[in-house]
Peer 1: 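Take this structure, written in structure tokens, and hold onto it; I'll ask about it next.
For reference, positions follow the sequence shown, starting with 1.
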Amino acid sequence: MFDEPTDEITTSKHVLTIEKKIKVPIEELEFHYGSLAFKYAVVEMNTELQFQVENIEIRPEFEVLKPYFIKRLKSKNITVELLAEFENGKLVSQLALSTDIDRINKEVVEGVKFQFLNKSLLKQFSTKNQNILTSDELQEQDKIYSNAEEVLTEILKNKQYKHSQHIQYLAERHESSIMKIRFVLNPFSFVFLLAGDQSYFIVLETLDTEEATYIWHAPKNKSSLIEEVKQIDSQLSTIRKKGRQAFLENNPENFTRIMHDYSDNKKGFIIWKSALEEIV
């Protein structure tokens, strides 16, 4: 349903000009590259037109963010001023403008994406048998972020988490040409790949929980790395079902861990960094 608080129709022998100010539900908007679109029934011409309002910040994948846009704009509707002109029964021009859509700038989009990240990604629990997820698997059908690096950047720039500095350090040394950054959902963690002289090191670091850094190592070849990641995924199932203590009591092979010192952030990071460098 469209609310039509004002409208003006002028006619001549061959021209019909329609000017209206309407309210369009955000749920009914279509997200395109650089524009938002909606359909409007022009009853005077017994036809339906599609109008587009330009906004360079909009992308099709933002469809899933509609509830967050509603919350951010504090309204379920946007107000649109539209114009349509017909000559001899044919559409010759149309235009739609909206100050509400103009308000959707880069800052609003980034804020909305971060709300989505926190509520839909960081706080969800995996129902899959798979524990280690790629960026695409993490987002499933709602691919707001194009790659894992973008997810990581979005997370770290908005809040100081317990292991923000550690994760940034690992990200800078991650072997992205060999393996994409991966994620574990519960607790939310990053999986990085570091390279030593003779071995690869798979590093699991939680985002915001006080748990040790877990490190697995494998021979420096691709087949061994693939097999090790599969084994780690299986071990993470044990951790999820039975707890970390049960995992550690089994004395896992090719494994070590680094405990965190939370008494002082700077000191704790330096000690952790030194321990990691000794291993790698």
Peer 1: Could you check whether the rings of H260 and Y262 sit parallel, tilted or perpendicular, using 30° and 60° as the cut-offs?
Peer 2: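 Judged by the thresholds at 30° and 60°, the geometry between H260 and Y262 is tilted.
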Peer 1: Distance check, rounded to the nearest 0.5 Å: I78 atom CD1 versus L29 atom CG?
Peer 2: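 Here the rounded value is 4.5 Å.
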Peer 1: Just checking Q198: does its CD atom have more than 12 heavy atoms from other residues, nucleotides or ligands closer to it than 6.0 angstrom?
Peer 2: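 Not more than 12 within 6.0 Å, no.
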Peer 1: Quick one: closest heavy-atom pair of K267 and D264, and the distance?
Peer 2: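 The pair with the smallest heavy-atom distance is N-OD1, 2.8 Å.
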Peer 1: Please determine whether the number of non-hydrogen atoms from other residues, nucleotides or ligands lying under 6.0 Å from atom CD of E253 exceeds 12.
Peer 2: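 Open: at most 12 neighbouring heavy atoms sit under 6.0 Å from CD of E253.
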Peer 1: Under 3.5 Å, is there a donor-acceptor pair between the S224 and N221 side chains?
Peer 2: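 Yes - a donor-acceptor pair under 3.5 Å links their side chains.
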Peer 1: Could you tell me the separation between the NZ atom of K21 and the CG atom of L83, rounded to the nearest 0.5 Å?
Peer 2: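 Between atom NZ of K21 and atom CG of L83 there are 14.0 Å.
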Peer 1: Of L170, I258, V280, which is the lone residue that meets side-chain contact (heavy atoms from CB on, under 4.5 Å) with V203?
Peer 2: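 Looking at L170, I258, V280, the match for V203 under the side-chain contact (heavy atoms from CB on, under 4.5 Å) is L170.
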Peer 1: Measuring from M259:CE to W272:CH2, what's the distance to the nearest 0.5 Å?
Peer 2: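 M259 atom CE to W272 atom CH2 measures 14.5 Å (nearest 0.5 Å).
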Peer 1: Can you name the nearest heavy-atom pair linking E27 to I70, along with the distance?
Peer 2: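 Residues E27 and I70, closest heavy atoms: OE2-CD1, 4.0 Å.
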Peer 1: When rounded to the nearest 0.5 angstrom, what distance separates CG in L193 from NZ in K180?
Peer 2: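 It comes to 14.0 Å.
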Peer 1: Can you tell me if CG on N265 sees more than 12 non-hydrogen neighbours from other groups inside 6.0 Å?
Peer 2: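 Atom CG in N265 is not crowded, with 12 or fewer foreign heavy atoms closer than 6.0 Å.
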Peer 1: Counting only heavy atoms not in E277 (residues, nucleotides, ligands), do more than 12 fall under 6.0 Å from its CD?
Peer 2: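 Atom CD in E277 is crowded, with more than 12 foreign heavy atoms closer than 6.0 Å.
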Peer 1: Find the distance between CG (L82) and CG (L95) and round it off to the nearest 0.5 Å.
Peer 2: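 CG of L95 is found 9.0 Å from CG of L82.
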Peer 1: Are the side chains of E48 and V42 in contact, using a 4.5 Å heavy-atom criterion?
Peer 2: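 Contact flag for V42/E48 side chains = no.
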Peer 1: Under 3.5 Å, is there a donor-acceptor pair between the side chain of K220 and the main chain of G196?
Peer 2: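 Flag set: sc K220 to bb G196 pair under 3.5 Å.
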Peer 1: So, the side chain of E63 versus the backbone of F31: is there a donor-acceptor pair under 3.5 Å, distance only?
Peer 2: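 It does hold such a pair.
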Peer 1: Give the cluster check for I270 versus I167: same hydrophobic cluster or not, with ILVMFWY residues linked at side-chain heavy-atom distances below 4.5 Å.
Peer 2: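 As far as the 4.5 Å side-chain criterion goes, I167 and I270 are not connected within one cluster.
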Peer 1: Compute both the distance and the angle, then confirm whether R72 meets the cation-pi test with Y68: under 6.0 Å from the six-membered ring centre, within 45 degrees of the axis.
Peer 2: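 No, cation not above the ring by the 6.0 Å, 45° rule.
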Peer 1: I181 and E149: which non-hydrogen atoms are nearest, and at how many Å?
Peer 2: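 Between these two residues, the closest heavy atoms are CD1-OE2, 3.9 Å.
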Peer 1: Is the backbone N or O of D208 less than 3.5 Å from a side-chain atom of H163, with the two atoms forming a donor-acceptor pair by type?
Peer 2: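 Looks like no, no N/O pair under 3.5 Å.
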Peer 1: State plainly whether one hydrophobic cluster holds both L91 and V80, where clusters connect Ile, Leu, Val, Met, Phe, Trp and Tyr through side-chain heavy atoms under 4.5 angstrom apart.
Peer 2: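 Linked within one cluster.
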Peer 1: Provide the closest heavy-atom pair for P252 versus L248 in the form atom of the first, atom of the second, distance.
Peer 2: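 That closest heavy-atom pairing would be CD-O, 3.9 Å.
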Peer 1: Given the ring of F201, does R173 sit roughly above its face, with NZ or CZ under 6.0 Å from the centre of the six-membered ring and within 45° of the axis?
Peer 2: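 R173 over F201 ring: no.
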Peer 1: To check you understand the geometry: which heavy-atom pair defines the closest contact between K20 and I18, and what is its length?
Peer 2: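 For K20 versus I18, the nearest heavy atoms are CE-CG2, 3.6 Å.
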Peer 1: With distance as the sole criterion, is a donor-acceptor pair present between the side chains of S98 and D100 under 3.5 Å?
Peer 2: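 Side chains of S98 and D100: no pair found under 3.5 Å.
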Peer 1: Answer yes if L97 and I22 sit in the same cluster of Ile, Leu, Val, Met, Phe, Trp and Tyr residues linked by side chain heavy atoms under 4.5 Å apart, and no otherwise.
Peer 2: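 No; tracing contacts between hydrophobic side chains, which count when under 4.5 Å, never links both residues.
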Peer 1: Let me see the working for F192 and L152 under side chain to side chain contact (heavy atoms under 4.5 Å, CB included), right down to the final yes or no.
Peer 2: CA-CA 12 Å; F192 299 99; L152 184 148; 3.9 Å; yes
Peer 1: Looking only at side-chain N and O atoms, does S75 offer a donor or acceptor that is under 3.5 Å from a partner on N77?
Peer 2: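 No, because no side-chain N or O of N77 sits under 3.5 Å from a partner of the opposite role on S75.
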Peer 1: Between the side chains of E211 and R244, is the shortest nitrogen-to-carboxylate-oxygen separation below 4.0 Å, so that they form an ion pair?
Peer 2: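 Between E211 and R244 there is a salt bridge, with a charged N closer than 4.0 Å to a carboxylate O.
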Peer 1: With side chains defined as the heavy atoms from C-beta onward, is the minimum distance between I178 and L225 less than 4.5 Å?
Peer 2: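 Contact flag for I178/L225 side chains = yes.
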Peer 1: Roughly how far apart are K23 NZ and T79 OG1, rounded to 0.5 Å?
Peer 2: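 Spacing of NZ (K23) from OG1 (T79) equals 3.0 Å.
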Peer 1: What are the two closest non-hydrogen atoms of Y161 and L207, and how far apart are they?
Peer 2: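 Shortest heavy-atom separation between Y161 and L207 comes out as CB-O, 3.4 Å.
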Peer 1: Would Q231 and E227 count as a side chain to side chain donor-acceptor pair (under 3.5 Å) if you check the C-alpha gap in whole Å, the side-chain angles of each, and the deciding distance to 0.1 Å?
Peer 2: CA-CA 6 Å; Q231 290 296 322; E227 185 59 33; 3.3 Å; yes
Peer 1: Between K76 and E28, does at least one N-O distance fall below 4.0 Å, as a salt bridge requires?
Peer 2: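 Judged by the 4.0 Å cut-off on N to carboxylate O distance, K76 and E28 do not form a salt bridge.
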Peer 1: Could you give the side-chain donor-acceptor pairs of residues 49-57 under 3.5 Å, partners two or more places apart or in another chain?
Peer 2:
residue, atom, partner, partner atom, Å
Q50, NE2, E30, OE1, 3.2
Q52, OE1, S35, OG, 2.9
N55, OD1, E57, N, 2.9
N55, ND2, I101, O, 2.7
N55, ND2, I104, O, 3.0

Peer 1: Under a 4.5 Å side-chain heavy-atom rule over Ile, Leu, Val, Met, Phe, Trp and Tyr, are Y214 and M179 clustered together?
Peer 2: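 Shared cluster, yes.
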Peer 1: For Y33, I'd like to know if atom OH has over 12 heavy atoms of other residues, nucleotides or ligands within 6.0 Å.
Peer 2: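 Atom OH in Y33 is not packed in, count stays at 12 or less.
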Peer 1: Apply side chain to side chain contact (heavy atoms under 4.5 Å, CB included) to the pair Y200 and H217, showing each step before the final yes or no.
Peer 2: CA-CA 6 Å; Y200 282 129; H217 62 89; over 6 Å; no
Peer 1: For the pair F269 and H166, evaluate ring pair (Phe, Tyr, Trp, His ring centres under 6.0 Å) and give the outcome as yes or no after the intermediate values.
Peer 2: CA-CA 7 Å; F269 174 73; H166 308 75; 5.3 Å; yes
Peer 1: For the side-chain contact (heavy atoms from CB on, under 4.5 Å) test, which of V191, L204, D233 pairs with R182?
Peer 2: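 So, applying the side-chain contact (heavy atoms from CB on, under 4.5 Å) to R182 and each of V191, L204, D233, only V191 qualifies.
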Peer 1: List the steps, then state whether side chain to side chain contact (heavy atoms under 4.5 Å, CB included) holds for R103 with T99.
Peer 2: CA-CA 6 Å; R103 289 167 55 200; T99 56; 5.8 Å; no
Peer 1: Indicate yes or no for a side-chain donor-acceptor contact from R257 to the backbone of F255 under 3.5 Å, with no hydrogens or angles considered.
Peer 2: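 Checked: no pair found.
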Peer 1: Could you tell me if the side chain of F62 sits less than 4.5 Å from the side chain of V112, heavy atoms only?
Peer 2: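 With C-beta onward as the side chain, the pair stays apart.
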